[in-house]
Chemist: 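Sharing a structure here in structure tokens format.
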Amino acid sequence: MISRSQKETEKIAEVFISKLLKKEQKRSGALVVGLSGNLGSGKTAFVKAAAKYFGIRDTVTSPTFVIMKKYRGFFFHLDAYRLKNEKELSVLGWRKIIGEKNNLVFIEWPENVRKAMPRGARYIFASYQKDGGRSFKLK
């Protein structure tokens, strides 16, 4: 899916989340979505769009330096860019976060903490387009 604006990214996020929520009714833990792509490829923009879908009005910014931000008690946004391995997630209460069925977790740079990603996690691959747009491959 191609986006050339934040509005288009919001539409893509809406479609992705609504389909995902319908399919994921029977899961036992959190719904975890890993976002991969180069710096500036649209990962945080996608999370902003997802937050808007859930009615979160807070300003959603990249958690690169704080590693994790929590919104409304159930919406988590993590950035594993600076993490060396998955063990560093344990300090944040990772097991408890992903163990709660009502949690929705977006984690940027999941490849840095691959072993901590739960089975059944979904993935989004963001990339630049030559025309300045962004491509989102949803898996």
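FYI, the numbering just counts along the sequence from 1.
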Chemist: Passes side chain to side chain contact (heavy atoms under 4.5 Å, CB included), Lys87 versus Lys115? Steps please.
Modeler: CA-CA 9 Å; Lys87 291 176 186 174; Lys115 291 179 184 174; over 6 Å; no
Chemist: Write down the atom of Arg82, the atom of Thr64, and the distance for their closest heavy-atom approach.
Modeler: NE-O, 3.0 Å
Chemist: Of the non-hydrogen atoms in Ser36 and Lys43, which two are nearest, and what is the gap between them?
Modeler: C-CD, 3.7 Å
Chemist: Name every donor-acceptor pair, under 3.5 Å, that has one atom in a side chain of residues 53-60 and the other anywhere in the protein, sequence neighbours excluded.
Modeler:
none

Chemist: Would you say the side-chain atoms of Asn112 pair up with the backbone N or O of Ala80, donor to acceptor, closer than 3.5 Å?
Modeler: yes
Chemist: Looking only at non-hydrogen atoms, find the nearest pair between Ala50 and Ala13 and report the distance.
Modeler: N-CB, 4.0 Å
Chemist: Apply side-chain hydrogen bond (donor to acceptor under 3.5 Å, both in side chains) to Lys52 and list each qualifying residue two or more places apart in sequence or on a separate chain.
Modeler: Glu10
Chemist: List for me each residue that meets side-chain hydrogen bond (donor to acceptor under 3.5 Å, both in side chains) alongside Lys69, sequence neighbours excluded, and say none if there are none.
Modeler: Thr61
Chemist: With Arg95, which residues qualify under side-chain contact (heavy atoms from CB on, under 4.5 Å), at least two apart?
Modeler: Ile98
Chemist: Considering all heavy atoms of both residues, which atom of Leu78 and which atom of Met68 are nearest to each other, and what is their separation?
Modeler: CG-CG, 3.7 Å
Chemist: Transitive ILVMFWY cluster of Leu39 at side-chain heavy atoms under 4.5 Å: who else is in it?
Modeler: Tyr81, Trp109
Chemist: For the CG atom of Asp79 and the CD1 atom of Ile67, what is their distance to the nearest 0.5 Å?
Modeler: 6.5 Å
Chemist: What is the minimum heavy-atom distance between Arg134 and Gly42, and which atoms define it?
Modeler: NE-N, 4.1 Å
Chemist: Could you measure the distance from the NZ atom of Lys7 to the NZ atom of Lys11? Nearest 0.5 Å is fine.
Modeler: 8.0 Å
Chemist: Atom CG of Asn85 and atom CZ of Arg114: how far apart are they, to the nearest 0.5 Å?
Modeler: 13.0 Å
Chemist: Might you point out which heavy atoms bring Arg4 and Asp131 nearest each other, and give the distance in Å?
Modeler: NE-OD2, 2.8 Å
Chemist: For Arg72, does the CZ atom sit with more than 12 other heavy atoms under 6.0 Å from it, leaving out its own atoms?
Modeler: yes
Chemist: Determine which pairs satisfy ring-ring contact (aromatic ring centres under 6.0 Å, His included) with at least one residue from residues 116-139, sequence neighbours left out, and list them in order.
Modeler: Phe46-Phe136
Chemist: Run the side chain to side chain contact (heavy atoms under 4.5 Å, CB included) check on Trp94 and Ile107 step by step: do they pass?
Modeler: CA-CA 11 Å; Trp94 179 246; Ile107 181 164; 4.2 Å; yes
Chemist: Hey, is the main chain of Leu138 close enough, under 3.5 Å, to the side chain of Arg122 for a donor-acceptor pair?
Modeler: no
